[in-house]
Amino acid sequence: MPLLSQKYKPYYRENLNLAIPVVISQLGHTLVQTSDTIIVGHFAGTISLAAVSLANSAFIIALVIGIGISYGITPLIAQHNGRESFAECGRLLSNSLFINVVTGIILFAFTLFGSIFILDHLQQTPAVVQQAKPFLVLLGLSMIPMLIFNTFKQFAEGLGFTKQAMSISIWGNVFNICLGIILVKGMFGISPMGVKGVGYSTLADRCIMATVMGLYVFRSANFKAYLRTFAIKNIDKARCIQLLRIGGPVALQYTFEISAFSAAAIMIGTIGYHEQAAHQVAINLASMTYMMASGLSAAAAIKSGNYFGSNEHQKLRHSAISNYHIVLLFMCITACLFTAFNHLLPWIYTSDGIVIGIAAQLLIIAAFFQLFDGTQVVGLGILRGMGDVNIPTVITFLAYWVVGLPVGYLLGLKFHLGVKGVWYGLVLGLMVSAILLFFRFQFISKKHADKTVLIEAQD
């Protein structure tokens, strides 16, 4: 054990220094939904809380597609920075901004279509659907500024500058909470808006965050060497394809996982609105820890990209394994918290006793899948930094749509285990994903490390 700790000790420190600001920044995406859920749960009632659950379940698919595509720039920036190809970083930023703006517009169009034509046909409570529709439209519109923010955020983080995005996310969430309460409750002469109020506050928050993050990148001296080649004329087909070859599969990875959870929410909605509201509470808490683990994953992608770009494959393995250690320890802590406070945590979201009772049971199940969830998302980040995205995409599809969701459907609806049965299937999907991705990392990293040793021996 002393040898093990000495071996990984420097990597623990450098990974945590990079990861902590990214974790907080990543958490900002979930905290927007968390604050919306809390505000609506306390000021608008159970039907409104179920409406937030339904809208978020539909929107989350668009959200993760956008986030996944915006991630395409990060490993490329990290690799080119490792090679000191500064001019290429600016060209990649130009193309990434173009791709993300177009993606945001397309995703808004899809959410608009979903609110008009799809929500009415999901066998949900009519009152829930009525409130969910305008909220979903506003969330969809907020995708455009959110992806502009993410463009500059992923660019800066790929270069190792992570603290500014963290600060913007923190203050953005404070603004979102304050404005959300004012609009939902109706204060300072404003009429109560209910669920629409948190939609407007989310849109305003993301517009401000995009503006501030863009100004930081363009005005900071840290990026002058990289931005000399940033220009509209540098948008070209080859670099767009290069970005999409990474961002597209990453978007699919997130989509396969999150859409499985969204499909689970819709399944649970057919059981009852109390169960749906409880699912929203429990999954929101689990999503917070997931997004924090996703921050570790983003940091792991940056470090593995740096080491991969500079052909330091042994350091890459040590750095990656240390990230596995960190995420397992973190998820063990959150699993203990979910278990110890399973009846207390739901009170943050609602005072409905039925919802709290169901959510408390779900948090016990969530405690188990914390370990698998954290391990699989860090595995995806490490492989992404190495440029390996296609096989992990197949793994996520098999884990969630071939294993997790069908098992959840059978246990929950056919064997009448209800909402807990659906969650058991999700746990199984996460476990399959975590195991297969770790084996994939071991195979790829050892192959590159052995290749490096062979080349050095020949030299």
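Heads up: numbering here begins at 1 and tracks the sequence.
Within the model, atoms SG of Cys89 and CD1 of Ile73 stand 8.0 Å from one another, a figure rounded to the nearest 0.5 Å. Note that CD1 of Ile395 and CG of Leu383 are 7.5 Å apart. Values are rounded to the nearest 0.5 Å. The CZ atom of Arg440 sits 9.0 Å away from atom CE of Met386, with the distance rounded to the nearest 0.5 Å. For the atom pair CZ of Phe369 and OH of Tyr290, the computed distance is 11.0 Å after rounding to the nearest 0.5 Å. Expressed to the nearest 0.5 Å, how far CG of Leu215 lies from OG of Ser220 amounts to 12.0 Å. Note that OH of Tyr11 and CG of Leu316 are 9.5 Å apart. Values are rounded to the nearest 0.5 Å.
Of all heavy-atom pairs between Val378 and Ala293, the closest is CG2-O, 4.1 Å. Closest heavy-atom contact between Leu345 and Leu337: CD1-O, 4.2 Å. The heavy-atom pair separating Phe108 from Val137 by the smallest distance is CE1-O, 3.7 Å. Nearest heavy atom pair, residue Ala264 against residue Val422, reads CB-CG1, 3.6 Å. Minimum interatomic distance between Thr396 and Ser433 (heavy atoms only, all atoms of both residues): CG2-OG, 4.4 Å.
Relative orientation of the Phe223 and Phe155 rings is tilted, given thresholds of 30° and 60° on the angle between their planes. Below 30°, between 30° and 60°, or above 60°: for His279 and Trp423 the angle between ring planes is above 60°, a perpendicular geometry.
Looking at Ser319, its side chain never comes within 3.5 Å of a backbone N or O of Lys315 through a donor-acceptor pair. Looking at Ser169, its side chain does come within 3.5 Å of a backbone N or O of Ala165 through a donor-acceptor pair. Checked by atom type and distance alone, the side chain of Ser297 pairs as donor or acceptor with a backbone atom of Gly381 at under 3.5 Å. Checked by atom type and distance alone, the side chain of Ser304 pairs as donor or acceptor with a backbone atom of Ala301 at under 3.5 Å. Ser142 places a side-chain N or O within donor-acceptor distance of the main-chain N or O of Leu139, the cut-off being under 3.5 Å. Proximity of a side-chain donor or acceptor of Thr151 to a complementary backbone N or O of Leu147 within less than 3.5 Å is detected.
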Full working for side chain to side chain contact (heavy atoms under 4.5 Å, CB included) between Leu380 and Val389: CA-CA 8 Å; Leu380 285 170; Val389 291; over 6 Å; no
Residues Asp205, Leu179; criterion side chain to side chain contact (heavy atoms under 4.5 Å, CB included); working and verdict: CA-CA 9 Å; Asp205 167 37; Leu179 183 60; over 6 Å; no
Step-by-step side chain to side chain contact (heavy atoms under 4.5 Å, CB included) determination, Leu97 to Phe152: CA-CA 8 Å; Leu97 183 60; Phe152 296 114; 4.2 Å; yes
Worked check of ring-ring contact (aromatic ring centres under 6.0 Å, His included) between Phe438 and Tyr324: CA-CA 9 Å; Phe438 181 73; Tyr324 272 115; 5.2 Å; yes
From CA spacing to verdict: side chain to side chain contact (heavy atoms under 4.5 Å, CB included), Leu398, Val432: CA-CA 9 Å; Leu398 293 173; Val432 170; over 6 Å; no
Worked verdict on Asn100 versus Ser70 for side-chain hydrogen bond (donor to acceptor under 3.5 Å, both in side chains): CA-CA 6 Å; Asn100 290 333; Ser70 70; 5.2 Å; no
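Between Phe441 and Ile321, the closest side-chain pair of non-hydrogen atoms falls below 4.5 Å. Contact check for Gln253 versus Pro392: side-chain heavy atoms found under the 4.5 Å cut-off. Looking only at side-chain heavy atoms (C-beta outward), Arg245 and Gln242 stay at 4.5 Å or farther from each other. Side-chain contact between Val407 and Tyr424 is absent, with no heavy-atom pair separated by less than 4.5 Å. Put simply, the side chain of Leu63 reaches to within 4.5 Å of the side chain of Met146, judged on heavy atoms. Using a 4.5 Å heavy-atom threshold, the side chains of Pro346 and Leu363 count as touching. The shortest distance between side-chain heavy atoms of Leu430 and Gln376 falls below 4.5 Å. A 4.5 Å side-chain heavy-atom check between Phe98 and Cys240 finds at least one atom pair inside the cut-off.
Remark: Asn390 engages no residue in a side chain to side chain donor-acceptor pair (under 3.5 Å) (not counting sequence neighbours). For Asn95, there are no side chain to side chain donor-acceptor pair (under 3.5 Å) partners two or more places apart in sequence or in a different chain. Partners of Thr103 according to the side chain to side chain donor-acceptor pair (under 3.5 Å) rule, which considers only residues two or more places apart in sequence or in another chain, do not exist here. The salt bridge (Lys or Arg N to Asp or Glu O under 4.0 Å) search around Arg91 returns Glu88, not counting sequence neighbours. In this view, Leu252 and Phe256, Thr393 satisfy the side-chain contact (heavy atoms from CB on, under 4.5 Å) rule, not counting sequence neighbours. In this structure Thr334 satisfies the side-chain contact (heavy atoms from CB on, under 4.5 Å) test together with Thr289, Phe330, Met331, Gln370, sequence neighbours excluded.
The environment of CH2 in Trp401 is crowded: more than 12 heavy-atom neighbours from other residues, nucleotides or ligands sit within 6.0 Å. Enclosure of atom CZ in Phe218 by more than 12 non-hydrogen atoms of other residues, nucleotides or ligands within 6.0 angstrom is indicated.
Both tests hold for Lys303 against Tyr307: distance to the six-membered ring centre under 6.0 Å, angle to the ring axis within 45°.
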